[in-house]
Every structure is written in C-alpha cells, then in structure tokens.
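Before any comments, here is the structure.
Only this structure's heavy atoms are used, side chains among them; waters, hydrogens and symmetry mates stay out.
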Amino acid sequence: MKKSSLIIGRQPLIEAFESGKAIDKIFMYKNINGENIQHIRQLAKDNHVPIQMVPVEKLNSFTRGNHQGVVAIAAVVQYTELQQVIDHIVSKGEHPLFIMLDGVTDVKNIGAIARTAVCCGAQGIIIPDKGVGALNEETMKASAGALEMVHISRVSSLAHAVDTLHLNGISVMGSEMKAAQKVYEMDFKQPCCIIMGSEEKGIQRFLSKAADAHFAIPIAGSFDSYNVSVAAGIILYEAMKQRMAVH
C-alpha cells in the first residue's frame, strides 16, 4: 500500500474528514479510548466509513510513526450521496441507469465493471460500506480511469438504497441465474438499477425480495455462471442497445 494513501493519527484523520477527503476504511486499536475517539466514530458513521478493530501489531505494520491507535486509508475516488446522484442525472434530462454491487469483493472485477459502466452509459455504481472490495489504486488501474468518470455512492444499507431508488421512480432488477425471464426480455429503457451479486453467493435474499423483477443471462451448455464483471458487461450492453434504439 502506498504511504501517500495512509492517514495516520487522530487529528489528521479528523482534519481529513472535515476537509471533505473521502476515506475508504479506518483501522482502530481494539482497546482504544481517550481523546477524539467518539468524534472519529461519529464522523465515520456520518460518512459511511467502516471501522475495523485490530490489534496494535496491525497498526504498526502500516507505520513506524505515532499512529495513536488510528490509521485510515484514503479513497482514490470521491463518493457522492445517492440522492444527489439521482437529482443530478434527472436534472440533465437523463434516465438513471445504476449498478448495485452486493458482495463483490474482487477489486479487479469492480474496476472492470466501472469501465463497462462508463462505456455503456450507466451513470452510477452503488456499493455498501462493508463487504465490498476497497476502491484502491488497483481498482483504479483495472477501471482504466473510469472510476473517476462514474458516480460512486457508498451506502450503509443496500436495503435503504433500494428504498431511495423506489421513491425516485427507479425500478430495481436482480440478475439471478435461475430467474425465468431472460436479460433481453427486460425493459432497460426505463430508469433502473441492476443488482449484481457475488459469483459464489449471488444476491442476498432480502435484496432479491425487494427487487421489482429478476432475470437470467442464458448460458450454452452446463457451465455454472459468468464472471461477475463479464455478466455486468452483457447486461449493460443490452441496456445500451435498448436505449440507443429509442433515440
């Protein structure tokens, strides 16, 4: 990890938050207490930044300096609140097209999905603040810079994000292997968000139940599934094809 991506110490972290700097993750000594800790916890909560409690050896592995029990990783992208993204897209007269990532942990897959999203006209990617790969330098490299060209919304609850989408008239569709409908039968011309689950576990049950529709990508033969970034590419290409056909 590049040292330039580290924020070391309590006050530097508070100042980073107050300056609007995006933070990916905070590592905090498991027995920490004292000055500014509650303030840091509140700032992390307000900005949907996960805190991982770790032994001091983990913190010492980041730096030889005085970390005061706190080391954070700065984000390589700027996160935008979901409602702000929706408002911005609608104000431009566009129909929202989002990808929601549920349990996608491989940073190269996330980067590849971001690259495809930009190429196919998707405006936003929604990720949870926990259980997803960090958007670091490796992710940026895999995206070929696309992470800076698409809105990234990090949320504390994917369920609440679905509620926000629904309140804004955005349909939510789940990509699932056993769904009866096929990807080419879906209407992607409407404002919509596509949920992509992990290759191992798929979409979480509560998100599947909250989705308005489900679809599958056909597979020739008996192989089990596509790589998640490849699947996202197939879906987003279908969405782009449909949307281009109406212009």
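- Residue-environment remark: NZ (Lys30) stays at or below the threshold of 12 foreign heavy atoms within 6.0 Å.
- Atom CD of Glu18 is surrounded by more than 12 heavy atoms from other residues, nucleotides or ligands within 6.0 Å.
- For the 3.5 Å distance criterion, the side chains of Gln42 and Gln38 fail to qualify, holding no donor opposite an acceptor.
- Linking Ile, Leu, Val, Met, Phe, Trp and Tyr residues whenever their side-chain heavy atoms come within less than 4.5 Å leaves Ile194 and Val172 in two separate clusters.
- Tyr29 is not listed as a side-chain neighbour of Val54, based on a closest heavy-atom distance of 4.5 Å or more.
- In this structure, the side chain of Gln78 engages the main chain of Gly20 through a donor-acceptor pair within 3.5 Å.
- Glu81 is not listed as a side-chain neighbour of Val85, based on a closest heavy-atom distance of 4.5 Å or more.
- Contact of the Ile127 side chain with the Ile110 side chain is not registered, since no non-hydrogen atoms from C-beta on lie closer than 4.5 Å.
- Counting only N and O atoms by type, the side chains of Asn168 and Gln83 include a donor and acceptor under 3.5 Å apart.
- Gln123 has its side chain within reach of Leu97: a pair of non-hydrogen atoms, C-beta onward, lies under 4.5 Å apart.
- Between Ile86 and Thr164, some side-chain heavy-atom pair lies under the 4.5 Å cut-off.
- Of the N and O atoms on the side chains of Ser208 and Glu176, at least one donor lies less than 3.5 Å from an acceptor on the other residue.
- Look at Lys189 and Asp187 and you find a salt bridge, because one of the NZ, NE, NH1 or NH2 atoms lies within 4.0 Å of a carboxylate O, short of that distance.
- Atom CG of Leu207 sits about 5.0 Å away from atom CG of Asp102, to the nearest 0.5 Å.
- The OG atom of Ser157 lies 7.5 Å from the CG atom of Asp163; values are rounded to the nearest 0.5 Å.
- Placement of Met173 and Met100 in two distinct hydrophobic clusters is found when ILVMFWY residues are connected by side-chain heavy-atom separations under 4.5 Å, directly or transitively.
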Test side chain to side chain contact (heavy atoms under 4.5 Å, CB included) on Leu6 and Val71 and set out the steps.
CA-CA 7 Å; Leu6 296 178; Val71 174; 4.1 Å; yes
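- The two atoms that bring Ala114 and Ala146 nearest to each other are O-CB, 3.6 Å, heavy atoms only.
- Note on Ile73 and Met28: same hydrophobic cluster, where clusters join Ile, Leu, Val, Met, Phe, Trp and Tyr whose side-chain heavy atoms are under 4.5 Å apart, directly or indirectly.
- Here the closest non-hydrogen pair linking Gly169 and Pro191 is O-CB, 4.0 Å.
- The number of heavy-atom neighbours closer than 6.0 Å to NE2 of His95, taken from other residues, nucleotides and ligands shown, is 12 or below.
- Placement of Val230 and Met177 in two distinct hydrophobic clusters is found when ILVMFWY residues are connected by side-chain heavy-atom separations under 4.5 Å, directly or transitively.
- The residues Arg154 and Asp24 are annotated as salt-bridged, a charged nitrogen and a carboxylate oxygen being separated by less than 4.0 angstrom.
- A single hydrophobic cluster is not seen to contain both Phe98 and Met240; linkage of ILVMFWY side chains at heavy-atom distances under 4.5 Å, directly or through other members, places them apart.
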Let me see the working for Asn60 and His67 under side chain to side chain contact (heavy atoms under 4.5 Å, CB included), right down to the final yes or no.
CA-CA 8 Å; Asn60 292 341; His67 49 66; 2.8 Å; yes
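- A tilted orientation is assigned to the rings of Phe62 and Phe27, their planes being inclined by 30° to 60°.
- Checking Tyr79 against Asp129 by side-chain atom types alone, no donor-acceptor pair falls below 3.5 Å.
- Rounding to the nearest 0.5 angstrom, the gap separating the CG atom in Asn36 from the CG atom in Leu43 is 9.5 Å.
- Among all heavy-atom pairs drawn from Cys193 and Ile170, the shortest one is N-CG2, 3.9 Å.
- Distance check, rounded to the nearest 0.5 Å: CG of Asn227 to CG of Asp106 gives 8.0 Å.
- In this structure, the separation between CD1 on Ile8 and CZ on Arg64 is 12.5 Å, given to the nearest 0.5 Å.
- A salt bridge between Lys241 and Glu238 is present, with a side-chain N of the basic residue lying under 4.0 Å from a carboxylate O of the acidic one.
- Shown here is Arg10, whose CZ atom has more than 12 heavy atoms of other residues, nucleotides or ligands within 6.0 Å.
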CA sep, side-chain torsions, deciding dist, call: Ile195, Ser175, side chain to side chain contact (heavy atoms under 4.5 Å, CB included)
CA-CA 6 Å; Ile195 308 177; Ser175 173; over 6 Å; no
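- Within the 3.5 Å criterion, the main-chain N or O of Gln190 finds a donor-acceptor partner in the side chain of Arg243.
- A 4.5 Å side-chain heavy-atom check between Lys178 and His214 finds every atom pair outside the cut-off.
- For the pair Thr116 and Gly233, the tightest heavy-atom approach, listed with the atom from each and the gap, is CG2-CA, 3.5 Å.
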So Phe215 and Lys182, side chain to side chain contact (heavy atoms under 4.5 Å, CB included) or not? Walk me through it.
CA-CA 5 Å; Phe215 65 88; Lys182 304 305 181 187; over 6 Å; no
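- When every heavy atom of Met53 is checked against every heavy atom of Ile32, the shortest pair comes out as CE-CG2, 4.3 Å.
- Two rings, from Tyr237 and Phe188, have their centers 6.0 Å or more apart.
- When side chains are defined from C-beta on, Met196 does not count as touching Ile203, because their heavy atoms never get closer than 4.5 Å.
- If you take CG on Leu165 and CD1 on Ile126, they are separated by 4.5 Å, rounding to the nearest 0.5 Å.
- When all heavy atoms of Val150 and Ala122 are compared, the pair lying nearest together is CG2-O, 3.9 Å.
- Looking only at side-chain heavy atoms (C-beta outward), Ile125 and Ser153 stay at 4.5 Å or farther from each other.
- Around atom NE2 of His166, more than 12 heavy atoms belonging to other residues, nucleotides or ligands sit under 6.0 Å away.
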